[in-house]
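Labels below follow one simple rule: chain letters A, B, ... track the order of the sequence lines, proteins then strands, and each chain is numbered from 1. Here the structure is a predicted model, which means the values were calculated and not measured. Hydrogens, waters and symmetry mates are skipped; everything else that's a heavy atom, side chains included, is used.
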Amino acid sequence: DAFGLPAENYAIKHKVNPAISTKKNIAHFKKQMQMMGLSYDWAREINTTDPNYYKWTQWIFLELYKHGLVYEADMPVNWCPKCKTVLADEEVKENKCDRCGALVEHRNIRQWMLRITAYADRLLGDLPLLNWPEKIKIMQTNWIGRSEGTELDFRVENTDLKIKVFTTRVDTIYGATYLVLSPEHPIINQITSAEYKREVLIYQDRARKKSDIERQGNTAVKTGVFTGAYAINPANKKLIPIWIADYILMSYGTGAVMGVPAHDSRDWQFAKQFELPIVQVISRNGQSESKLAGPLTASGVLVNSGIFNGLSTNIAATKISTYLSSKKVVRYKLRDWIFARQRYWGEPIPLIRCPICGIQPIPVNDLPLKLPKVKHYEPTGTGESPLAKIDSWVNVKCPKCGGPAKRETNTMPQWAGSCWYYLRYLDPSNKKQLVNPKIEKYWLANKKTENFGVHLYIGGVEHAVLHLLYARFWHKFLFDLGLVTNKEPFYKLINQGMILGSGHEKMSKSKGNVVNPDEIVKKYGADALRIYEMFMGPLQDSKPWSTEGVIGITRFLDKVWQVALNTEKPKIKETLIGKEEKAQIDKLREETIKKVTNDIEGYRFNTAISALMIYTNALLEKEIRDKSYLAILVKLLNPFAPHMTEEIWQNFLKKKKPLELEPWPKWDYKKIIQKIAIIAIQINGKFRGNIEGKIGLNQEEALTLAQNSEAIHKYIEGQNIKRIIYIQDKLLNLVI
RNA sequence: GCCGUCGUGGCGGAAUUGGUAUACGCGCAGCGUUCAGAACGCUGUGGCCGCAGGCCUUGCCGGUUCGAGUCCGGCCGACGGCACCA
């Protein structure tokens with residue numbers, strides 16, 4: 001997945017075609033993966049920057065377009081006046097351009113948008129189908145941010161103008177003592193009275209220059225400005241002043257809020273600051289208080305609300321809503337997806353702009369629309385993509401009327417290619433279809449579970465709300481087209497933890513704490529690195545790197561070699577091992593098979609490796625020379641240390657068939673069954689020692705054994721046993 | 001501020017349904033091996049008192065229970081996400 005900003009910036013800096021530098025990087029990564037012995041099916045390798053791949057990314061885009069899910073809108077972007085280019089949020093640090101340090105401005109430009117909000121309900125509603133970490137589901141739920149409320153019109157005094165307001169607390173409407181608009185609200189121009197115009201313009205200008213962080217950062221002090229205009233509260237017909245404040249966001253709700261200071265903490269703060277009236281309309285007991293100490297945000301009983309007095313908040317909300325004949329609406333925090341980038345290194349958007357016919361999609365037969373070669377990747381200075389400068393590419397005939405037209409020069413964001421790549425793995429070289437439906441069903445549909453898809457998806461939490469939401473959106477769209485069988489793309493999700501620097505901080509070049517895998521492999525071997533990474537701790541946890549820990553693993557692997565070398569010694573030792581000792585080591589072997597098998601199935605690699613260490617230590621201690629013990633060890637260790645175990649398999653065990661094709665061992669229950677139980681003795685819940693007894697003792701037998709035990713006897717001698725708790729073969733607790 | 005996750009030795013971390021806390025590994029100490037070192041092997045290694053033996057210990061306080069790292073309540077702290085959402 002190689003489209004995107006880092007590859008483009010590298011291209012600009014080193015004056016190299018990103019197609020070439022990307023190719024080099026891919027080769028390097030591939031070499032590293034092979035060096036580590038990762039078992040990928042390289043026949044299915046795909047590359048999102050390959051025209052054969054992005055042909056289908058563009059095809060999906062055209063389908064989205066045909067289904068009305070693509071539209072154009074003016075959207076604010078970060079603009080660096082010195083570099084004369086649009087910046088990604090990532091390139092803006094503390095409101096300054098990350099490259100040149102100039103102050104970043106906000107500019108509106110035409111952008112292509114994807115209507116992800118049309119899928120908001122389904123993206124939310126289908127979350128329970130997924131076997132995902134609860135944390136990620138909650139993050140997506142909050143990100144989508146569904147809320148039910150009411151939309152109301154407030155008439156502007158002495159005009160025909162109306163201001164639409166969204167509220168979740170229509171029950172508090174009698175307490176609305178002012179109205180606040182976002183500084184970007186389009187109505188401001190029309191309603192601001194002459195004497196306030198200057199102040200309003202200054203305020204709007206200041207808000208535009210503020211970064212989102214600045215604007216939303218200081219929650220203690222609110223800024224605002226009066227427009228000079230008044231609105232009419234539709235409930236009590238009272239005149240209320242219209243203000244502007246930058247804590248109101250144009251992107252949420254309607255960009256206008258009714259201020260109810262008595263029952264909302266932000267409104268309370270704003271009203272206090274600008275000395276606006278505060279009217280209590282909800283009370284705990286049906287009585288209004290003489291003076292409110294702070295906002296009452298809880299539900300209660302209505303007061304000062306005309307005919308609705310005495311009603312509870314819930315009932316009042318419905319009745320007031322009916323009385324004002326207002327609309328019930330559902331709002332989402334989720335915003336539509338800005339799907340255009342003013343960059344070179346991305347999939348060209350396959351649309352044509354004709355002065356006569358308007359926007360025209362390019363014919364499907366013309367796909368892929370290839371990214372042309374350019375000489376310079378630098379921004380154009382006009383805010384357009386470098387593609388805009390290639391006249392021969394830009395100027396085309398309109399596919400509808402044949403007249404002169406121009407290509408769209410923006411490219412897609414780097415998320416596009418990663419939204420559907422898992423489908424292409426199934427059928428990577430299909431020239432006619434995105435994926436063959438039979439193949440899709442074979443891999444992703446499971447009759448037992450209604451919703452399946454990718455069986456296991458491992459990725460970092462950083463994808464919680466972007467990639468994982470975008471991909472779900474596209475998948476649902478493809479489901480609607482009948483191209484995929486399941487509603488959801490990724491059935492099970494695991495978030496692997498990040499490997500941190502030795503001081504628990506993120507690895508980064510600037511901190512100089514990056515560990516280069518090539519060097520570790522060179523020094524300690526790929527098997528040691530693999531095992532160490534799995535042994536460090538649970539897959540899901542972030543863990544600090546420790547090179548000394550790798551050394552510990554090389555010691556373990558050396559011990560495995562020792563076990564192998566022992567099998568070449570004469571077999572006398574074996575006869576010296578007693579029957580009981582042999583039974584013990586057999587039992588440990590079977591327990592190890594069981595534990596390693598179960599741990600791998602539960603992704604608990606750290607404890608599986610620990611079990612293998614225990615088994616290896618035992619084989620070494622007993623100097624076991626029987627090859628069957630070694631064979632089990634290398635098979636169990638094979639997924640962790642494929643290179644070394646294969647070598648032992650062939651050189652010490654003289655096998656011809658590859659170890660990885662050898663069936664996985666099964667444990668023998670009979671060998672695990674214990675004949676002697678070690679029973680823990682507790683006195684008043686406190687551990688006092690163990691007794692050994694036959695398996696299956698009943699309570700009396702266990703008690704007798706305990707009473708006869710020297711170590712236990714002294715604790716219970718002359719004591720009155722009040723209660724006995726006995727768990728067979730495990731524990732005996734005496735309450736005295 | 002809201003939401004979420006998590007607090008176990010010097011460190012990374014173990015611990016089925018509540019049932020012997022500290023497995024495994026690192027580090028450290030002593031001994032062996034060596035002319036010496038590295039490497040390796042053996043032994044020890046939660047804390048306190050101590051001659052045998054005992055007491056305490058899973059962030060802190062309390063609760064439930066015969067029994068709590070695990071369950072419940074309240075604090076404290078760390079990390080992550082969202083952030084004036086009307």
At under 4.0 Å between heavy atoms, what does [X] touch on the DNA or RNA strands: base, sugar-phosphate, or nothing?
| X | result |
| --- | --- |
| T167(A) | sugar-phosphate |
| H263(A) | nothing |
| G145(A) | nothing |
| K135(A) | sugar-phosphate |
| S542(A) | sugar-phosphate |
| R331(A) | nothing |
| I138(A) | sugar-phosphate |
| N617(A) | sugar-phosphate |

Check every atom of [options] against the side chain of [X] and return the nucleotide holding the closest atom.
| X | options | answer |
| --- | --- | --- |
| I725(A) | G12(B), C66(B), C84(B) | C66(B) |
| N606(A) | C24(B), G13(B), C84(B) | G13(B) |
| N142(A) | A86(B), G12(B), C3(B) | C3(B) |
| P538(A) | C84(B), A23(B), G13(B) | G13(B) |
| Q682(A) | G19(B), C85(B), G80(B) | G19(B) |
| V257(A) | A23(B), A86(B), G13(B) | A86(B) |
| I614(A) | G19(B), G25(B), A23(B) | A23(B) |
| K559(A) | G27(B), A23(B), G25(B) | G25(B) |
| T168(A) | A86(B), G25(B), G13(B) | A86(B) |
| T607(A) | C66(B), C85(B), A14(B) | A14(B) |

Expressed in whole Å, how much space separates the [atom1] atoms belonging to [N] and [M]?
| N | M | atom1 | result |
| --- | --- | --- | --- |
| G80(B) | A86(B) | C1' | 27 Å |
| C26(B) | G9(B) | C1' | 12 Å |
| C55(B) | G7(B) | P | 29 Å |
| G10(B) | C6(B) | P | 24 Å |
| C11(B) | G81(B) | P | 26 Å |
| U70(B) | G18(B) | C1' | 6 Å |
| G12(B) | U64(B) | C1' | 34 Å |
| G47(B) | U22(B) | P | 14 Å |

**Prompt:** Which whole-number value in Å describes the distance from K722(A) NZ to G67(B) C1'?
**Reply:**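 The distance from NZ of K722(A) to C1' of G67(B) comes to 15 Å, rounded to the nearest Å.
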**Asked** Y532(A) or S610(A): which one's nearest nucleotide on RNA chain B is closer to the 5' end?
**Response**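 Nearest nucleotide further toward 5': that of Y532(A).
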**Asked** Taking for each residue the nucleotide of RNA chain B bearing the nearest heavy atom, is the 5' side occupied by W143(A) or by N733(A)?
**Response**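 Counting from the 5' end, the first nearest nucleotide belongs to N733(A).
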Within the pair [X] and [N], is there a side-chain N or O less than 4.0 Å away from OP1 or OP2?
| X | N | answer |
| --- | --- | --- |
| R555(A) | C26(B) | yes |
| R266(A) | C85(B) | yes |
| H504(A) | C79(B) | no |

**Request:** Can you measure from NZ (K506(A)) to CG (L500(A)) and round to the nearest 0.5 angstrom?
**Result:** 9.0 Å
**Prompt:** Hey, are S321(A) and S326(A) close enough side-chain-wise for a donor-acceptor pair under 3.5 Å?
**Reply:** yes
Base paired to [N] (Watson-Crick or G-U; both N/O distances under 3.5 angstrom):
| N | result |
| --- | --- |
| A38(B) | none |
| G44(B) | C28(B) |
| C51(B) | none |
| G69(B) | none |

**Output field: ring centroids W415(A)/Y470(A) closer than 6.0 Å** = yes
**Message:** I'd like to know whether the aromatic ring centres of F274(A) and Y178(A) sit less than 6.0 Å apart in this structure.
**Reply:** no
**Message:** Here's a test for you: under ring-ring contact (aromatic ring centres under 6.0 Å, His included), which of F473(A), W337(A), Y332(A) qualifies with Y119(A)?
**Reply:** F473(A)
**Asked** Is a side-chain N or O of N233(A) found less than 3.5 angstrom from the main chain of A176(A), in a donor-acceptor match?
**Response** yes
**Request:** Could you label the plane-to-plane angle of the Y252(A) and F166(A) rings as parallel, tilted or perpendicular, counting under 30° as parallel and over 60° as perpendicular?
**Result:** perpendicular
**Request:** For G81(B), measure the glycosidic angle (O4'-C1'-N9-C4 for a purine, O4'-C1'-N1-C2 for a pyrimidine) and name it syn if it falls within 90° of 0, otherwise anti.
**Result:** anti
